[in-house]
2 protein chains.
Amino acid sequence: MHLFWEHGYEATSLAMLREAMGLTPPQIYNAFTDKETLFRKALTRYHQTEIGFALDALSAPVPTREAIRRLLLGAAEAYSRPGKPGGCLFVSGALATSPQAQAIADELKAYRKASEAAIAGRLAKGKAVGDLPENLSVEGFAKYLAGVMNGMSIQARDGASVEELRVLAQTALAALPAEGQNQVASSKERSHAGSLPRG
Amino acid sequence: MHLFWEHGYEATSLAMLREAMGLTPPQIYNAFTDKETLFRKALTRYHQTEIGFALDALSAPVPTREAIRRLLLGAAEAYSRPGKPGGCLFVSGALATSPQAQAIADELKAYRKASEAAIAGRLAKGKAVGDLPENLSVEGFAKYLAGVMNGMSIQARDGASVEELRVLAQTALAALPAEGQNQVASSKERSHAGSLPRG
DNA sequence: ATTTATTCATAGCGATCGATACGAAACCCG
DNA sequence: CGGGTTTCGTATCGATCGCTATGAATAAAT
């Protein structure tokens, strides 16, 4: 998992996996069928062990803003854990691939889309309970938050520290509209329907 | 350039380049020395022809907020041009590589760092002329903006449209503190030094 | 104890990688 | 028309890719 995380699917050779796992080629293929299956198992393991913070944050019984705060700060930590590759496997695993690995790239894209959809779901819930203004675009804001997390993944891979990622997360949080009625009050002076509250 | 942009450095084979350019292998090596040199030439060409919007935005004689707005909206267009690969070559070109291509990955990382430094430079200038509050961290905010652009690159690669990227850019702009003195006024009620104006 | 069955590491499979040696065609000059 | 030079495409180089056949070594069974 660490090798795929660090080097991506295609750039991780079976020789590297063999040495890291201390297994012979037939043992690997007996246990994991082939390289693609092994990668998919690494994906599910990554999903279970490394990014539980996301589901925790989105399902916690807290106000929407606090949930998003936990999501972004959780990402700051998860993307810069000492002893682990920087960034997110779902981003680094197969961003640009050869045509032969298109299926892998599509699968990772599906993971990213699912994350964005989960965020959108939480935002919709927040909108329903009045945590977010009526005129806010749930899909647009989810795409912003997912984009920020993807960007944090790149920054982490470029060596950003936990503190730097936390500052980034907090800065991103500033784009979140304030709660409830004090937001709807001055809706007339805004021309872009909530996407530029202070334009 | 398009092939490297779409598939990245390592996943783009000479066979693909050969077919795309209509050249025989010796012609390619006679013209570009080797694959790595060819990629570097593609990088400089990309820098010259595809992302001039960035330098334009950062060097335009406009207020800081407008400069940042042009930067992000320019990225929204540049990352989703019809007929061109989605995202930014500096991000997609070599995010996760094999150890053999580490030099390429480092070079792209340097490009990204340079972009962030250019943003920081513009922010520092904006702070000097009073466009930005005194307590704003130039480096931190530059890292946020660079991160947002990197995230937009991922979103573009995942199929986001120009409009969606524009909304993302405008949302990100909402994190930019308002201008001048009305920002320093309520500095006491903020605990995180400008990174969470509305926390 | 001897034979059978099964595990397992070495060695190598075909394909493809980036890069190049070599022979044929074309061109220029006499 | 012929000789010398240069250009250029084919065919192939060694290395590595993901993957597997095969023979040795071990375990199980009679």
Side-chain angles (χ1 to χ4, degrees), chain A residues 1-46 85 89-111, chain B residues 1-46 85 89-111:
Chain A
M1 183 184 78
H2 285 182
L3 283 173
F4 283 133
W5 194 351
E6 173 74 31
H7 302 288
Y9 172 67
E10 288 188 297
T12 302
S13 70
L14 280 184
M16 302 163 68
L17 295 166
R18 181 165 52 87
E19 185 180 5
M21 297 192 287
L23 296 179
T24 63
Q27 284 174 327
I28 292 183
Y29 283 91
N30 185 38
F32 304 105
T33 307
D34 59 2
K35 188 189 180 185
E36 188 168 331
T37 305
L38 172 56
F39 180 74
R40 288 202 157 89
K41 291 212 174 188
L43 279 188
T44 61
R45 178 168 183 82
Y46 176 80
L89 173 58
F90 294 157
V91 174
S92 311
L95 186 58
T97 68
S98 69
Q100 290 82 9
Q102 184 79 46
I104 296 292
D106 289 346
E107 174 144 348
L108 285 183
K109 173 178 167 180
Y111 271 95
Chain B
M1 182 184 80
H2 284 183
L3 284 173
F4 284 132
W5 193 352
E6 173 75 30
H7 302 288
Y9 172 67
E10 289 189 296
T12 302
S13 72
L14 279 183
M16 300 162 71
L17 295 167
R18 181 165 53 87
E19 187 180 2
M21 299 193 285
L23 297 179
T24 63
Q27 286 174 325
I28 292 183
Y29 283 90
N30 186 37
F32 304 105
T33 307
D34 59 2
K35 189 189 180 185
E36 188 170 331
T37 305
L38 172 57
F39 180 73
R40 289 202 157 90
K41 291 213 172 188
L43 279 189
T44 62
R45 178 169 184 83
Y46 176 80
L89 173 58
F90 294 157
V91 174
S92 311
L95 186 57
T97 69
S98 70
Q100 290 82 10
Q102 185 78 46
I104 296 291
D106 289 346
E107 173 143 348
L108 285 183
K109 174 178 165 181
Y111 271 95

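Each chain gets a letter, A, B and so on, in the order its sequence line appears, and its residues count up from 1.
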K.L.:
Where the side chain of A:Pro26 is concerned, which of C:dG18, D:dC19, D:dA21 is the nearest nucleotide?
P.N.:
D:dA21
K.L.:
Respond yes when some side-chain nitrogen or oxygen of A:Gln27 is under 4.0 Å from OP1 or OP2 of C:dC8, and no when none is.
P.N.:
no
K.L.:
Nearest-Å distance, CZ (A:Phe32) to P (D:dC19)?
P.N.:
13 Å
K.L.:
Please determine, for the side chain of B:Lys35, which listed nucleotide (C:dA19, D:dC19, D:dC17) has the closest atom?
P.N.:
C:dA19
K.L.:
A side-chain contact here means heavy atoms from C-beta on lying under 4.5 Å apart; do B:Met16 and A:Pro99 qualify?
P.N.:
yes
K.L.:
Between C:dC8 and A:Thr24, is there an OP1 or OP2 to side-chain N/O distance shorter than 4.0 Å?
P.N.:
no
K.L.:
Between A:Tyr46 and A:Met1, is there a donor-acceptor pair closer than 3.5 Å when you use the side chain of the first and the backbone of the second?
P.N.:
no
K.L.:
Could you work out which one of C:dG18, D:dA11, C:dA11 sits closest to the side chain of B:Pro25?
P.N.:
D:dA11
K.L.:
So, does A:Lys109 use its side chain to make a donor-acceptor pair with the main chain of A:Ile104 at under 3.5 Å?
P.N.:
no
K.L.:
Could you point out which residue of A:Thr24, A:Leu14, A:Leu38 forms a side-chain contact (heavy atoms from CB on, under 4.5 Å) with A:Tyr29?
P.N.:
A:Leu14
K.L.:
Provide, to the nearest angstrom, the distance between the CG atom belonging to B:Asn30 and the C1' atom belonging to C:dG18.
P.N.:
16 Å
K.L.:
Return the value, rounded to whole Å, for the distance between atom OH of A:Tyr29 and atom C1' of D:dC17.
P.N.:
9 Å
K.L.:
Whole angstroms only, please: what is the CG-P distance between A:Leu17 and D:dC19?
P.N.:
11 Å
K.L.:
Are B:Gln102 and B:Thr97 close enough that a side-chain donor and a side-chain acceptor fall under 3.5 Å?
P.N.:
no
K.L.:
Quick one: label A:Asp34 by what it contacts on the DNA or RNA (base, sugar-phosphate, nothing), any heavy atom closer than 4.0 Å.
P.N.:
sugar-phosphate
K.L.:
Starting from the first five and the last five pairs of the helix from C:dA1-D:dT30 to C:dG30-D:dC1, work out the angle between the resulting helix axes, to 10 degrees.
P.N.:
30°
K.L.:
For B:Arg18 and C:dT20, what is the distance between atoms CZ and P respectively, to the nearest whole Å?
P.N.:
16 Å
K.L.:
Take atom CZ of B:Phe39 and atom C1' of C:dC17, then tell me their distance rounded to the nearest Å.
P.N.:
17 Å
K.L.:
Could you give the CD-to-C1' distance, from A:Glu10 to D:dT16, as a whole number of Å?
P.N.:
14 Å
K.L.:
Just checking, A:Lys35 and A:Tyr9: is the charged tip under 6.0 Å from the six-membered ring centre and within 45° of the axis?
P.N.:
yes
K.L.:
Could you check whether any side-chain N or O of A:Thr37 sits under 3.5 Å from a backbone N or O of A:Thr33, counting only pairs where one atom can act as donor and the other as acceptor?
P.N.:
no
K.L.:
Assign each of A:Ala15 and A:Thr33 to its nearest nucleotide of DNA chain D by heavy atoms, then name whichever residue's nucleotide is nearer the 5' end.
P.N.:
A:Ala15
K.L.:
Measure the distance from CG on B:Leu14 to C1' on C:dA15 and round it to the nearest whole Å.
P.N.:
16 Å
K.L.:
Counting the atoms with a prime plus P, OP1 and OP2 as sugar-phosphate, which does B:Thr12 contact under 4.0 Å by heavy atoms, base, sugar-phosphate, or nothing?
P.N.:
sugar-phosphate
